[in-house]
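Here is the naming used below: chain letters follow the sequence lines, and residue numbers restart at 1 for every chain.
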There are 2 protein chains.
Amino acid sequence: MQLDGRLSRMLHLLIHMDRAEGPVTSAAAADMLHTNPVVVRRTMAGLRDAGLVRSDKGHAGGWTLIKSLEEVTMLDVYKAVGEPRIFAIGLADAAPHCLVEQAVNASMTNALRRAETMLIAEMGDVTLAEIAKDFESRFSSRPTNLKI
Amino acid sequence: MQLDGRLSRMLHLLIHMDRAEGPVTSAAAADMLHTNPVVVRRTMAGLRDAGLVRSDKGHAGGWTLIKSLEEVTMLDVYKAVGEPRIFAIGLADAAPHCLVEQAVNASMTNALRRAETMLIAEMGDVTLAEIAKDFESRFSSRPTNLKI
DNA sequence: ACATCACGTAACTTCAAGTATTACGTATGA
DNA sequence: TCATACGTAATACTTGAAGTTACGTGATGT
C-alpha cells in the first residue's frame with residue numbers, strides 16, 4: 001500500500017485557505033499541494049459534506065473555509081476525509097477458525113486498539129489554530145535575505 | 001496499500017511450532033497460514049536471523065523454535081520481520097519548503113510518534129506465552145460434540 | 001552413490017488502495 | 001454567451017506485500 005496523505009494535505013490546505021483573501025480554486029490548491037485539481041475536489045468533497053468548507057462555481061468561485069481554525073481539530077479533518085485506515089499492519093484473517101489464530105488476533109487487536117485510541121485522542125487535542133500558530137513562529141524566525 | 005500480515009502470521013506460526021513435536025516444514029506452515037511455502041521461508045528468514053528459530057535442510061528438516069514462548073514478545077517478532085511500517089497515513093511530503101506544511105508535519109509527526117510509542121510499548125509487554133495461555137483457555141472452553 | 005527431501009533465493013506476477021489524468025457535464029457570472 | 005470553476009465517471013499509474021515458478025544447495029535415508 002501506498003501512504004495515505006489526505007489528512008496531511010487537507011490540514012495544509014485549510015491553513016492556507018484561512019490566510020487567503022477570497023476563495024481558493026482547485027487549481028491553485030493543486031499547485032500548493034503539488035497535485036491535480038481533481039484530487040483536490042475529490043478530497044475536499046468530504047470536508048464540504050462535513051461542513052468545514054464551502055464550494056462555489058463560476059467566476060470568483062472556489063473553496064472557502066467556513067469555520068475558524070479554533071473550531072477545527074485534526075480529528076475533525078481526519079473524519080472529514082473519511083476516517084481512512086490508520087494502520088499498515090494488521091490481522092492475516094479477521095475471522096479465523098484456528099483457536100491459536102483467534103488468540104493472536106485478540107492480542108494484536110488489543111494493542112492496535114490502544115494505539116488507535118491514543119492517536120484519536122491526540123488528534124482531537126490539536127486545533128488548526130495551534131498548527132497555524134506554530135507556522136507563525138516558524139515564519140517570524142525564518143532565515144531570509146530580506147532582513148536588515 | 002494492502003495490509004501487512006507478517007507479524008500476525010508469524011505469531012500464529014510460532015505458537016503452533018511450540019506445540020509441534022519436531023520441526024515444522026515450510027509446506028506444513030504454509031497450509032496453516034493459507035499461503036505459500038516461499039512466503040513462509042521469506043518471512044521466517046528474519047526470525048532465523050533474529051535467533052528465534054532454526055532451519056534445517058534435508059529429511060526431518062524444517063523450522064524449529066529455539067526460544068521458549070516466555071522469552072519472546074510480540075515486539076521481538078515485529079522487529080524480526082523487519083519492523084514494517086506501522087501507519088497507513090502519513091505526511092504528503094517529508095521535507096517540504098512550505099512553512100505551513102512544515103508546521104503540519106510537526107504536528108502530525110508528534111501525534112503519530114506518540115501512538116507508535118504506545119504500540120511499541122504494548123507489543124513489548126505481550127509474550128507469546130500469554131497468547132498461548134489465552135489459546136488454552138479458548139481451547140478448553142470451546143464448543144464441541146466430543147464432550148460427554 | 002544417489003534419489004529424495006527441505007531450505008535459499010532470484011525473478012516475475014498479482015493485488016489493493018491512494019494518487020494522477022483525461023474527459024465531459026453543470027452551474028455561475030461578467 | 002462564453003469563460004470560469006466545481007462534480008464526477010473512467011482509466012491509468014505507483015508501491016509494497018503476497019503469491020508463484022524455477023532452480024540451486026545441503027542433508028539424510030536406502
Side-chain angles (χ1 to χ4, degrees), chain A residues 1-10 12-13 17 20 22-49 53-64 66 78 81-94, chain B residues 1-10 12-13 17 20 22-49 53-64 66 78 81-94:
Chain A
M1 160 200 4
Q2 196 167 303
L3 210 65
D4 185 333
R6 284 177 290 182
L7 171 59
S8 161
R9 282 177 158 173
M10 291 302 100
H12 180 189
L13 181 52
M17 284 169 61
V24 174
T25 66
S26 300
D31 282 344
M32 286 180 196
L33 303 180
H34 306 108
T35 181
N36 189 289
V38 176
V39 174
V40 172
R41 291 190 199 111
R42 192 188 290 155
T43 312
M44 289 291 277
L47 307 207
R48 182 188 52 224
D49 295 346
V53 301
R54 193 187 70 220
S55 65
D56 293 293
K57 296 181 176 180
H59 288 90
W63 299 91
T64 310
I66 58 178
Y78 169 72
V81 295
E83 307 190 38
R85 187 159 50 79
I86 290 176
F87 295 109
I89 60 179
L91 311 179
D93 180 352
Chain B
M1 146 200 2
Q2 197 165 302
L3 211 65
D4 186 333
R6 285 178 291 182
L7 172 59
S8 160
R9 282 177 158 176
M10 290 302 101
H12 180 188
L13 181 52
M17 285 169 59
V24 173
T25 66
S26 300
D31 282 345
M32 284 180 198
L33 303 179
H34 306 108
T35 180
N36 190 291
V38 175
V39 173
V40 172
R41 292 190 197 112
R42 192 188 288 156
T43 313
M44 288 292 278
L47 306 207
R48 182 187 54 224
D49 295 347
V53 300
R54 193 187 71 219
S55 65
D56 293 293
K57 296 181 176 179
H59 288 89
W63 299 90
T64 310
I66 58 179
Y78 169 72
V81 294
E83 306 190 38
R85 185 159 51 79
I86 290 176
F87 295 109
I89 60 179
L91 311 179
D93 180 353

Measure the distance from CE on B:Met44 to P on D:dA17 and round it to the nearest whole Å. 18 Å
Over how many whole Å does the gap from B:Asp49 atom CG to C:dC7 atom P extend? 16 Å
Please identify each residue that fulfils side-chain contact (heavy atoms from CB on, under 4.5 Å) with A:Thr25, with sequence neighbours left out. A:Ala27, A:Ala28
In whole angstroms, how far is the C1' atom of D:dT15 from the CG atom of A:Leu3? 11 Å
Regarding B:Arg54, tell me which of base, sugar-phosphate or nothing describes its non-hydrogen contacts under 4.0 Å with the strands shown. nothing
Can you tell me if the side-chain N/O atoms of B:Ser26 get under 4.0 Å from OP1 or OP2 in C:dA6? no
Send over the distance from A:His34 NE2 to C:dG18 C1', rounded to a whole Å. 19 Å
Can you tell me how far P of D:dA17 sits from CE of B:Met10, to the nearest Å? 14 Å
Tell me the interatomic distance from A:Asp4, atom CG, to C:dA16, atom C1', rounded to whole angstroms. 13 Å
Please name all residues satisfying salt bridge (charged side-chain N to carboxylate O under 4.0 Å, His left out) with B:Arg6, sequence neighbours left out, ordered by chain then number. B:Asp4
Side-chain N or O of B:Ser55 less than 4.0 angstrom from OP1 or OP2 on C:dG8? yes
A:Arg9 CZ to C:dT19 C1': how many Å, rounded? 7 Å
Encode nucleotides 22-30 of chain C as B, S and - characters from 5' to 3', where the letter depends on protein heavy atoms closer than 4.0 Å: B to the base, S only to sugar-phosphate, - to neither. BB--BSBB-
Considering only C:dA20, C:dG18, C:dA6, which nucleotide approaches the side chain of A:Val39 most closely? C:dA20
Distance-minimising heavy-atom pair for B:Ser26 and B:Trp63: OG-NE1, 2.9 Å
Atom CG of B:Leu13 and atom P of C:dC7: how far apart are they, to the nearest Å? 11 Å
Are B:Met10 and B:Leu33 side-chain neighbours, meaning at least one heavy-atom pair lies under 4.5 Å? yes
Hey, which of these two, A:Pro84 or B:Val24, hits DNA chain C nearer its 5' end, going by closest nucleotide? B:Val24
Could you please spell out the steps behind the side chain to side chain contact (heavy atoms under 4.5 Å, CB included) verdict for A:Leu13 and A:Val40? CA-CA 10 Å; A:Leu13 181 52; A:Val40 172; 4.3 Å; yes
Applying side-chain contact (heavy atoms from CB on, under 4.5 Å) to A:Asn36 and not counting sequence neighbours gives A:Val38, A:Val39
If only side-chain N and O atoms of B:Arg85 are considered, is one of them under 4.0 Å from the OP1 or OP2 phosphate oxygen of D:dT15? no
For a quick test of your reading: what N or O donor-acceptor pairs under 3.5 Å do the side chains of residues 53-60 of chain A make, sequence neighbours left out?
residue: A:Arg54; atom: NE; partner: A:Asp56; partner atom: OD2; Å: 2.8
residue: A:Arg54; atom: NH2; partner: A:Asp56; partner atom: OD2; Å: 3.0
residue: A:Ser55; atom: OG; partner: A:Arg48; partner atom: NH1; Å: 3.3

Select one nucleotide: of C:dT19, D:dC6, C:dT9, the one nearest the side-chain heavy atoms of A:Arg6. C:dT19
